[in-house]
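Working notes, beginning with the structure itself.
FYI, the numbering just counts along the sequence from 1.
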Amino acid sequence: MPAPTHTRSHRPAADGVEIRLPWWAVALPAVVFAALLMMILSPGQAQAATPDPAFGQLIERTFQLLFR
């Protein structure tokens with residue numbers, strides 16, 4: 001009876017490392033970059049903003065959700 005042989009599990013080589021990111025890890029920086037680029041390219045359209053309570057509430061709610 002032949003001796004049992006052990007098979008090695010094949011692991012991917014170091015050069016074949018696959019890293020998977022969530023969709024928002026790519027989309028969020030792209031959106032922020034686009035927004036900043038738009039602000040840089042059109043500085044002549046900048047105006048003094050009037051305080052909008054809905055916008056302030058939106059930002060406050062966003063911070064509450066992020067920093068719980």
Side-chain angles (χ1 to χ4, degrees):
M1 198 152 129
T5 58
H6 297 296
T7 59
R8 292 184 180 179
S9 61
H10 293 358
R11 293 184 0 198
D15 58 346
V17 174
E18 183 179 331
I19 298 174
R20 297 182 55 106
L21 295 174
W23 66 268
W24 53 265
V26 176
L28 186 62
V31 169
V32 171
F33 176 77
L36 290 174
L37 185 62
M38 294 290 281
M39 289 173 25
I40 291 172
L41 292 178
S42 60
Q45 297 177 359
Q47 299 174 359
T50 59
D52 185 13
F55 185 67
Q57 290 173 357
L58 176 65
I59 292 175
E60 182 179 343
R61 182 69 178 148
T62 304
F63 280 129
Q64 288 175 354
L65 290 173
L66 290 175
F67 300 113
R68 274 191 168 172

Listed by chain and number, what are the side-chain contact (heavy atoms from CB on, under 4.5 Å) partners of [X], not counting sequence neighbours?
X	value
Leu36	Val32, Met39
Ala30	none
Gln64	Glu60, Arg61

Contacts of Phe33 that satisfy ring-ring contact (aromatic ring centres under 6.0 Å, His included) - sequence neighbours left out
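Result, ring-ring contact (aromatic ring centres under 6.0 Å, His included) vs Phe33: none returned.
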Co-members of Trp24 in a cluster of I, L, V, M, F, W and Y side chains, linked at under 4.5 Å:
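ILVMFWY cluster around Trp24 also holds Trp23.
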Hydrophobic clustering (ILVMFWY, side-chain heavy atoms < 4.5 Å, transitive) - are Ile59 and Leu66 grouped together?
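Yes, Leu66 and Ile59 fall within the same hydrophobic cluster.
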Looking at Leu58 and Thr62, what are the two nearest heavy atoms and their distance?
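Looking at all heavy atoms of both residues, the closest pair is O-OG1, 2.7 Å.
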